[in-house]
Each structure stands twice: as C-alpha cells, then as structure tokens.
Amino acid sequence: MIGLLALAVPVFIWILWIVTFSSNAALPQEEKVEKYLSFFPSFLHSPRSISVTALIFAGASIFLSTIGRRKADDTFKVLSVAAIVVASAIILLQLFTML
C-alpha cells in the first residue's frame, strides 16, 4: 500500500505535465515549460531534477510494492502488481525523455 503512495508522486508529475501543456496550446514551448516549472518549489526548478525525483519515487514504489506483496492478501497483491507495472512504465518514459 505504501508503494501506491510512492507512485502518486510521479503520476502527479506526469498528469501536471499533460494538463499544463494541453491547456496552454497557444503558448510557445519555452513559456509552457516555465509555467510547468512554476508549480514546483525552487529546488525543483529544472526539468532534470523533476525527472530524477520521479525516477526515485517510481523506483521506491517498485521496491515497496515488491516487499509488501509478500505479506498481502489477494486484493493487495493485484494492486501491488499494478503499481509495479505502472511504475515500470513511468521509469521507462522518464528515461526516454531524459535522452
């Protein structure tokens, strides 16, 4: 269950990215990025630090879901597997965007 909480951070970052860019379609790319970065605290005002934060929380989600899956009942095992799959997809997407 803690793995799902850790997964909420990178999911929120991706949703914020999508909403910011789709709701400001008329703005140039630089202004969209500035608007996106303005939602974060000052120590996260670079795309790289936001990507690293998402990677860390997605990795923590996989780790915590794997540990929690051992002692969980069937419902939580399914949720843990779903969290592992989503976190893995987020890690792959983050690594792709960092290229």
Side-chain angles (χ1 to χ4, degrees):
M1 200 59 165
I2 296 173
L4 289 173
L5 291 174
L7 184 61
V9 174
V11 168
F12 172 74
I13 290 172
W14 273 91
I15 289 173
L16 184 62
W17 175 266
I18 292 168
V19 169
T20 302
F21 274 67
S22 64
S23 65
N24 299 301
L27 292 177
Q29 178 74 13
E30 295 82 23
E31 290 182 28
K32 289 179 186 178
V33 172
E34 286 178 23
K35 187 166 182 73
Y36 172 71
L37 293 176
S38 70
F39 289 112
F40 294 97
S42 61
F43 64 90
L44 287 176
H45 270 214
S46 74
R48 177 143 332 260
S49 62
I50 294 170
S51 294
V52 169
T53 302
L55 285 171
I56 289 170
F57 276 96
S61 174
I62 290 172
F63 178 73
L64 294 170
S65 294
T66 303
I67 290 173
R69 192 170 172 269
R70 295 179 189 156
K71 299 177 183 176
D73 60 354
D74 290 339
T75 304
F76 287 117
K77 282 185 180 181
V78 171
L79 287 174
S80 294
V81 169
I84 291 169
V85 169
V86 172
S88 299
I90 287 175
I91 287 175
L92 289 174
L93 287 170
Q94 283 298 126
L95 291 174
F96 178 74
T97 60
M98 291 176 75
L99 291 176

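No experiment lies behind these values; they were computed from the predicted model shown.
No side-chain donor-acceptor contact under 3.5 Å links S61 to the backbone of F57.
Taken together through direct or relayed side-chain contacts under 4.5 Å among Ile, Leu, Val, Met, Phe, Trp and Tyr, L7 and V85 form parts of separate hydrophobic clusters. The hydrophobic clustering, which links ILVMFWY residues whose side-chain heavy atoms are closer than 4.5 Å, places V78 and V81 apart. Placement of I84 and I67 in two distinct hydrophobic clusters is found when ILVMFWY residues are connected by side-chain heavy-atom separations under 4.5 Å, directly or transitively. Clustering ILVMFWY residues whenever any of their side-chain heavy atoms sit less than 4.5 angstrom apart, transitively, puts F63 in a cluster other than the one holding L4. Both F12 and Y36 are part of a single hydrophobic cluster, where members link through side-chain heavy atoms under 4.5 Å apart.
Atom-to-atom distance recorded for E34:CD and T20:OG1 is 13.0 Å, nearest 0.5 angstrom. Going from atom CG of L55 over to atom CG of L93 covers 10.5 Å, rounded to the nearest 0.5 Å.
Heavy atoms from other residues, nucleotides or ligands lying under 6.0 Å from CZ of F40 number more than 12. The neighbour count for I2 CD1, taken as heavy atoms of other residues, nucleotides or ligands under 6.0 Å away, does not exceed 12. The 12-atom threshold is exceeded at CG of D73, counting heavy atoms of other residues, nucleotides or ligands nearer than 6.0 Å.
Using a 4.5 Å cut-off on side-chain heavy atoms (C-beta onward), F21 and Q29 make contact. Within the 4.5 Å cutoff, no side-chain heavy atoms of L95 are placed close to those of L99. For the pair L64 and L5, the minimum side-chain heavy-atom distance is 4.5 Å or more. I62 places a side-chain heavy atom less than 4.5 Å from the side chain of S88.
Qualifying ring-ring contact (aromatic ring centres under 6.0 Å, His included) partners for F39, counting only residues two or more places apart in sequence or in other chains: none.
Within the structure, every pair that satisfies the side-chain hydrogen bond (donor to acceptor under 3.5 Å, both in side chains) test and touches residues 38-60, not counting sequence neighbours, is listed here: S46-S49, S51-Q94.
Looking at every heavy atom in both residues, I90 comes nearest to A58 through CG2-CB, 4.2 Å. Contact record, N24 with K32: O-CE, 2.9 Å, taken as the closest heavy-atom pair. Contact record, L44 with L37: O-CD2, 4.4 Å, taken as the closest heavy-atom pair.
L27 belongs to no hydrophobic cluster with other residues, because no ILVMFWY side-chain heavy atom falls under 4.5 Å from its own, directly or through intermediates.
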